[in-house]
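Please read the structure below before turning to the comments.
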Amino acid sequence: MKHLIDPMDLSVQEIDHLLTVADDIILNKEKYQEVCRHKKLATLFFEPSTRTRLSFEAAMLELGGSILGFSSADSSSATKGESVSDTVRVVSGYADIIAMRHPKEGAPFAASRKLDVPLINAGDGGHNHPTQTLTDLMTIHQEKGRLNGFTIGMCGDLKFGRTVHSLIKALSRYEDIHFIMISPEELRLPEYIIKDVFEKKNISYREVKTMEEVMPELDILYMTRVQKERFFNEADYIRLKDSFILDERKLASAKKDLCIMHPLPRVNEISIKVDDDPRACYFKQALYGKYIRMALIMYLLGVSADEN
Ligand code: CP
């Protein structure tokens with residue numbers, strides 16, 4: 001039984017396979033439309049989501065399968081005190097595969113133990129978001145044609161941003177990647193990632209406080225939202241939320257083929273005027289999320305279009 005809890009649960013070869021299948025799905029959609037017939041996906045979201053939940057559901061529907069689930073803890077028996085493990089165990093009798101988001105770090109891992117259907121971590125607190133990482137890898141692969149040999153700037157909330165943490169881990173396995181971490185002091189990348197990933201693997205990285213000072217160097221700019229829900233103190237949130245806003249003026253010194261990414265949702269950290277810039281990739285990124293989740297569902301269920 002294979003679960004996806006951490007981005008490192010997938011080998012580089014498995015990621016290559018998923019990217020190849022996702023590319024093929026884009027080109028040959030009709031080939032995949034019955035692949036998951038009679039299969040059911042449960043989406044158990046104990047925390048809000050637009051893209052992850054709906055792209056998972058769209059993915060399963062486009063594969064010919066069915067969906068069930070809930071979109072908030074309030075509409076589940078968690079409100080009566082049921083444990084996540086019990087919820088997931090029960091749902092495993094109703095569905096062939098489960099995607100689960102939970103505000104507590106480690107909840108999907110705990111829930112996956114002894115489970116006899118695949119469980120996908122759709123985001124756990126400030127910890128990991130492996131299917132966003134697959135989405136990000138697919139975006140980089142589509143836009144740059146490779147997953148090595150580039151400089152990536154990651155900007156905003158690097159402390160609580162699970163998408164940043166997961167993407168750094170995943171990219172640490174590819175060659176010749178230079179990381180530039182752009183954040184205020186209060187939202188710096190956690191020390192454990194600096195030590196366990198950058199220093200342990202001897203990966204090139206540096207930390208800066210403005211995007212302007214590094215903009216001309218970047219091949220990819222990965223923007224993130226300062227997440228209100230991760231702060232304990234509203235005053236800190238209000239003080240920091242507008243720290244890093246990308247606009248046309250800041251982009252003036254950027255490379256012509258810069259790829260601007262954002263896992264979304266955006267609040268105001270990218271000016272809407274940037275949306276019309278051909279370098280803005282974030283809406284395409286959200287769409288790629290559906291295709292890579294289609295490939296992932298097929299992989300974890302052990303089905304392929306060739307069997308049809
Ligand atoms: N990127 C992402 O996880 O978006 P949602 O919170 O809308 O799922």
Side-chain angles (χ1 to χ4, degrees), residues 4-7 10 18 22 41-62 67 69-76 97-105 107-108 119-140 142-143 152 154-171 220-231 237 241 244 246 259-270 272 275 280-297:
L4 177 60
I5 306 298
D6 184 288
L10 292 169
L18 294 177
L41 165 77
T43 50
L44 310 185
F45 276 61
F46 295 86
E47 199 184 53
S49 166
T50 296
R51 274 145 295 276
T52 311
R53 185 172 66 85
L54 296 181
S55 66
F56 261 118
E57 294 184 354
M60 190 50 144
L61 293 171
E62 290 192 26
I67 54 169
F70 52 80
S71 58
S72 83
D74 292 348
S75 60
S76 79
I97 184 166
I98 298 173
M100 181 185 123
R101 172 172 287 187
H102 201 282
K104 276 201 187 127
E105 285 87 356
L119 185 130
I120 302 168
N121 175 6
D124 61 329
H127 198 206
N128 278 311
H129 194 347
T131 63
Q132 181 64 48
T133 302
L134 290 174
T135 301
D136 298 341
L137 294 176
M138 178 166 179
T139 305
I140 295 170
Q142 287 279 334
E143 299 301 317
I152 180 167
M154 299 179 130
C155 180
D157 178 359
L158 309 184
K159 181 176 181 181
F160 297 106
R162 61 191 173 200
T163 62
V164 168
H165 304 166
S166 287
L167 184 57
I168 288 172
K169 283 202 262 181
L171 286 176
I220 297 167
L221 174 58
Y222 193 93
M223 295 294 297
T224 63
R225 174 174 70 96
V226 176
Q227 301 174 87
K228 187 176 183 183
E229 66 271 28
R230 307 278 176 230
F231 276 80
Y237 168 71
K241 72 183 172 62
F244 295 86
L246 179 64
C259 172
I260 305 166
M261 297 173 63
H262 191 313
L264 304 179
R266 153 179 67 180
V267 182
N268 65 346
E269 59 278 7
I270 301 179
I272 55 168
D275 296 357
C281 296
Y282 30 93
F283 290 113
K284 276 191 271 183
Q285 187 180 352
L287 180 60
Y288 293 141
K290 180 181 71 173
Y291 297 120
I292 200 75
R293 288 182 176 102
M294 289 171 79
L296 178 67
I297 289 169

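As the structure lists them, so they are numbered: ligands from 1, and atoms in each ligand from 1. Just so it is clear, the values below take in all heavy atoms, side chains as well, and ignore hydrogens, waters and symmetry mates.
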Report the C-alpha distance between T131 and R293 in whole Å, list the side-chain angles of each, state the deciding distance to 0.1 Å, and finish with yes or no for side-chain hydrogen bond (donor to acceptor under 3.5 Å, both in side chains). CA-CA 7 Å; T131 63; R293 288 182 176 102; 3.0 Å; yes
Using modelled atom types and a 3.5 Å cut-off, is there a donor and acceptor pairing between side-chain atoms of [X] and backbone atoms of [Y]?
{"X": "H127", "Y": "P103", "value": "no"}
{"X": "S166", "Y": "N128", "value": "no"}
{"X": "R101", "Y": "P48", "value": "yes"}
{"X": "H262", "Y": "C281", "value": "no"}

Please state which option from L54, T131, L264 has its nearest heavy atom closest to atom 2 (C) of ligand 1. L264
Just jot down the ligand 1 atoms closer than 4.0 angstrom to any heavy atom of [X], in number order.
{"X": "Q132", "result": "1 (N), 2 (C)"}
{"X": "P263", "result": "1 (N)"}
{"X": "T50", "result": "5 (P), 7 (O), 8 (O)"}

When you measure from atom 4 (O) of ligand 1 to every protein heavy atom, which one gives the shortest distance, and what is it? R51 NE, 3.0 Å
protein heavy-atom neighbour closest to atom 6 (O) of ligand 1 works out as R101 NH1, 2.9 Å
Can you check whether R53 has an N/O within less than 3.5 Å of an N/O in ligand 1? no
Using side-chain contact (heavy atoms from CB on, under 4.5 Å) as the criterion, point out the one residue from I140, L221, T135 that pairs with M261. I140
